[in-house]
Amino acid sequence: MKFIITFLLFSLPILAKSNLLISFEENNLYGFRDKSGKVIINPQYQHALDFTKEQVAFVVKENHWVCINTKNQVLLESFVYDNGPDYFSENLARFVENKKFGFYDSRCKKQIAAAYDFVYPFENGLSIVCNGCESQREEEHSRIVGGKYGVINKKGKVIIPIEWDSIESIDFKKKTATGILNNLKKRIHFN
């Protein structure tokens with residue numbers, strides 16, 4: 001009995017991985033096959049990454065990185081970072097919806113609604129967000145300028161009101177931040 005339980009514990013992850021759909025290219029378009037080679041999603045994407053263990057994959061559709069499920073349904077549009085879908089920071093990544101930013105998890109489930117003009121990746125449970133800001137191109141990179149800034153937690157709760165000209169730094173241990181408002185630097189206390 002102990003052997004059977006041990007066998008199952010070690011073989012289930014391997015079996016689950018073998019059921020993942022794998023991307024393939026045909027006529028410069030990408031689709032997905034199962035492990036036997038049967039086409040499950042016909043080639044239709046400009047680029048594709050293999051399905052993850054969470055049964056989602058990132059593909060380029062109409063020049064946008066989107067997350068799809070095994071039924072080929074688009075779940076969300078990922079923010080593009082370094083020419084690919086955004087990276088996960090503290091188990092959350094950024095998505096774009098109607099030109100607003102929010103956060104999603106590894107299953108491409110939206111965790112924080114797209115309500116901000118830009119959001120920075122989470123660090124120590126907090127993200128700096130802004131409204132009224134915009135991306136300004138500088139050669140091959142861009143930077144965020146203008147707007148009002150604040151801070152949210154991983155539940156989407158506003159911890160520092162979105163009213164600051166900038167948030168320069170956050171001391172997570174002391175639960176303080178340094179913000180600038182009307183050219184004056186101020187210490188902000190938060191819970």
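Side-chain atoms are counted along with the backbone in the values below, which use heavy atoms only and exclude waters and symmetry mates.
- In this structure, Arg94 and Pro121 approach most closely via the heavy-atom pair NH1-CD, 3.5 Å.
- Heavy atoms of other residues, nucleotides or ligands lying less than 6.0 angstrom from CG of Asp105 number more than 12.
- For Arg137, the CZ atom sits in a packed shell: over 12 heavy atoms of surrounding residues, nucleotides or ligands are nearer than 6.0 Å.
- From Ile180, atom CD1 reaches atom OG of Ser166 across 4.0 Å, with rounding to the nearest 0.5 Å.
- In this structure, Ile160 and Ile167 have side chains that are in contact, with non-hydrogen atoms separated by less than 4.5 Å.
- Partner Val151 forms a side-chain contact (heavy atoms from CB on, under 4.5 Å) with one of Ile162, Val129, Ile128 and no other, that one being Ile128.
- By the 4.0 Å N-to-carboxylate-O rule, Lys110 lies close enough to Glu97 to be salt-bridged with it.
- Environment of CD in Glu62: sparse, with no more than 12 heavy atoms of neighbouring residues, nucleotides or ligands closer than 6.0 Å.
- When each of Trp65, Phe101, Phe103, Phe95 is tested with Phe79 by the rule ring-ring contact (aromatic ring centres under 6.0 Å, His included), just one qualifies, namely Phe101.
- For Arg107 against Glu54, the heavy-atom pair with the smallest separation is NH1-CG, 3.0 Å.
- Taking the side chain as every heavy atom from C-beta outward, Asp82 and Tyr87 never approach each other to under 4.5 Å.
- Figure legend: cation-pi geometry between Arg33 and Phe24, with NZ or CZ positioned under 6.0 Å from the six-membered ring centre and within 45° of its axis.
- Atom CG in Leu20 sits 5.5 Å away from atom CD in Gln55 (nearest 0.5 Å).
- No close placement of the Phe172 and Phe190 rings is indicated, their centers lying 6.0 Å or farther apart.
- Side-chain contact between Phe32 and Val59 is present, with heavy atoms from C-beta onward closer than 4.5 Å.
- For the ring-ring contact (aromatic ring centres under 6.0 Å, His included) with Tyr120, the lone residue among Phe118, Tyr116, Phe122 that qualifies is Phe118.
- Rounding to the nearest 0.5 Å places CD of Gln46 at 9.0 Å from NE2 of His64.
- The environment of Tyr81 atom OH is sparse: at most 12 non-hydrogen atoms of other residues, nucleotides or ligands sit within 6.0 angstrom.
- For Asn83, the CG atom sits in a loose shell: 12 or fewer heavy atoms of surrounding residues, nucleotides or ligands are nearer than 6.0 Å.
- Side-chain atoms of Gln73 and Ile68, non-hydrogen and from C-beta on, never get closer than 4.5 Å to each other.
- Every residue two or more places apart in sequence or in another chain was checked for a side chain to side chain donor-acceptor pair (under 3.5 Å) with Thr176, and none qualifies.
- Remark: the backbone N or O of Asn182 is paired with a side-chain donor or acceptor of Asp165 at under 3.5 angstrom.
- Inter-residue side-chain proximity for Glu134 and Ile144 is flagged as unmet; no heavy-atom pair is nearer than 4.5 Å.
- Between the Tyr149 side chain and the Gly146 main chain, a donor and an acceptor come within less than 3.5 Å of each other.
- With rounding to the nearest 0.5 angstrom, the NZ atom of Lys173 is 9.0 Å from the CG atom of Asn124.
- The two atoms that bring Glu163 and Leu181 nearest to each other are O-CD1, 3.3 Å, heavy atoms only.
- Using a 4.5 Å cut-off on side-chain heavy atoms (C-beta onward), Ile152 and Lys157 make no contact.
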